[in-house]
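Reviewing the structure listed below.
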Amino acid sequence: MALAANKVEATEALIAAYPAPEGEGKWSRDARARALETLRQSGAPVRRDEYWKFTNPARLLEPVKSATIMETDEAPVFDGVDKLLVVFVDGVLRADLSDDLTMEGVEIETLATAMSKDIHWVGDVYGVLEANGQKPVPRPFAALNTAVATEGLVIRVTGKATKPIAFRYLRSGLDADVMVHTVIKLEKGADLTLLENGSGAARFNSSLEVEIADGAAFHHVRTQGRDHARLAATHIFARLGKESRFKSFTLTVNGALTRNEAVLEFTGDDAFATISGASAGDGAYHHDDTVFVTHNALNCESRQVFKKVLRNGATGVFQGKILVYAHAQKTDGYQIAQGLMLDEDCTFLAKPELEIYADDVICSHGSTCGAVDEAAIFYLTSRGVPKAVAQDMLVLAFMDQAIEEIEDEALAEEIRTRLGDWMERHRG
Amino acid sequence: MLKIKNLKASLEDEDKQILKGIDLEIGAGEVHAIMGPNGSGKSTLSYVLSGKGGYVVDEGSATLDGADLLDMAPEERAAAGLFLAFQYPVEIPGVGNMTFLRTAVNSQRKARGEDELNAAEFLKLVRIEAKSLKIDAEMLKRPVNVGFSGGEKKRNEILQMAMLAPKMCILDETDSGLDVDAMKLVAEGVNAMRNGKRSFLIITHYQRLLDHIKPDVVHIMANGRIIKSGGPELALEVENNGYADLLNEVA
């Protein structure tokens, strides 16, 4: 179907806004051309599009406005973790601030290096998982990212990584509009933890493609920084082989607009994936989790666990889908999205979807939104716990179901602490 | 200790007065029991005293050692020494029993200007109290009241009471849902806390609990008022004859 003329115009304007990279190798030129073609077919998103009804894409399309940088004296997230640190400033990798990109069992290259070659293994993954994830739901900002991103890493994991790789996204410019694209390929039996933290830019578009071979495991824990005015459109595309594991958790506090998309596909049997998030917003805050899990293999288990605490005009969105093909018998799919409203001014919008063609599956989904339990508040306060503390305890308990999805207890504990700090700063 | 004068209170959402003039005075170290038919306002009295939302005080006063209870937030009442053992203890998923207890104990200590207990000091105390109530480590680790049996919930209430060491304890139908052994255990927990300074108000339907916790005074409540007060024999009279005679007497 041809796009409406105004949509074509908006799409061309979007493409024109970002310079096309030059002087790259053959595989990347091909990948970028395919991505542009995808983008031209789907078009830039508009509010009428099915998956943009709850989140207005306008601010992701317009020229970026400057967003103030939050100055804090807190230690950076994951500071206490032994890690291979990779620092990006305004979306640009800074070797001078980063550790050496070497670790046993892991090959790390910059995206730019890989792009400069005519042939590279990453050509089989870069933009490929993203392209798979464009059907049936278009993800225009991911296509744009594939078409123009030059920053990011290309990582091949052949064994068990000895420590996590940690991306720290710093900001220096108030109006940086950046794209980061990272590809991770886990070979058979490999194991890697990726940590990400920071706001990254005034507008931050990230794409993470993860190919997980048989028996490999990928862990991902992310926090999206504390800047209030920043915009983010992030994407995770993962393909899971036989008996592989995928775990991803995101903590989002603050941020004017966040759209976190995750597209997971099981292609090998007996694999496990969990995608979870805890988000907390006060005031001008719009947070959107859009998740699509495809079961294309036998006996796989997927979990989607999203918790949002909202106050003072904040909006939380969840769009989550589980698609189970006819041959994907014994699928166990779980999905829960819950909003906790601390006052009557906030909004929680949820669209859970199940599309199941197999007949021997367990798929459950639930979505609730409500206020803090007054009976529990009274119980706690009647024991002498101040009301504000009692409310924090209940909010953290509510969020914990998502945080518990993190495998590493020390990382989970850090997330709890960060969230607890946020609660303390945002008492009503 | 506790002085209640002409206390009248209504439901906030309905124009319905539940307490219609309660007068009650409990001295230091005394144990009072309140009995009465369903709907007489016994639980409402406990809620109004402890500060639960949804009630409006129309008239009267309630003071604890001279301090105006009705003017305080629930946590202030607790810090002042008031404790309510709930008829239906609330389940709080995600909040560990120990975390909750320690936060409660230390919040009260802080409010009273006392030093907070560190983890080791707290653990030592809680182990002693839990042992005498036959509460095992597993129960302490679980989320507050989640998955607890009726008896476990009530024992958990008494554990909280023991840890918080209040001066005025209100027990709202603590015997309901308890088997004979559990009731004995709870009663022993309460009796162990009795001393010349600590007072109790025990709300119950049955004489049985009062066999284990001997009251000094028994009050009969009906239709939002205390209609008769007397010694422990009053509870026996109710047990044998029901409330009908007493209600007729007043009418």
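If you're wondering where the values come from, they're calculated on a predicted model, not measured in any experiment.
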At what distance, to the nearest 0.5 angstrom, does [atom1] of [X] lie from [atom2] of [Y]?
X	Y	atom1	atom2	answer
B:E75	A:R383	CD	CZ	13.0 Å
A:D392	B:T103	CG	OG1	11.0 Å
B:I92	A:L394	CD1	CG	6.0 Å
B:F86	A:S382	CZ	OG	3.5 Å

Scored by heavy-atom pairs under 4.5 Å with chain A, the best of B:E91, B:K52, B:Q108 is B:K52
Taking all atoms of both residues into account, what is the closest heavy-atom pair of [X] and [Y], and its distance?
X	Y	result
A:M393	B:V95	CE-CG1, 3.6 Å
A:A397	B:P93	CB-O, 3.4 Å
B:A78	A:T381	CB-O, 4.1 Å

Around atom [atom1] of [X], are there more than 12 heavy atoms from other residues, nucleotides or ligands closer than 6.0 Å?
X	atom1	answer
B:N118	CG	yes
B:D115	CG	no
A:K330	NZ	no
B:R112	CZ	yes
B:K3	NZ	no
A:K387	NZ	no
A:E344	CD	no

Salt bridge (Lys or Arg N to Asp or Glu O under 4.0 Å) filter on A:E414, not counting sequence neighbours, yields A:R418
Is the ring centre of B:Y88 less than 6.0 Å from the ring centre of A:Y379?
no
So, the part of B:P166 with a heavy atom under 4.5 Å from chain A: the answer is neither
Heavy-atom side-chain contact between A:F378 and B:S50 under 4.5 Å:
yes
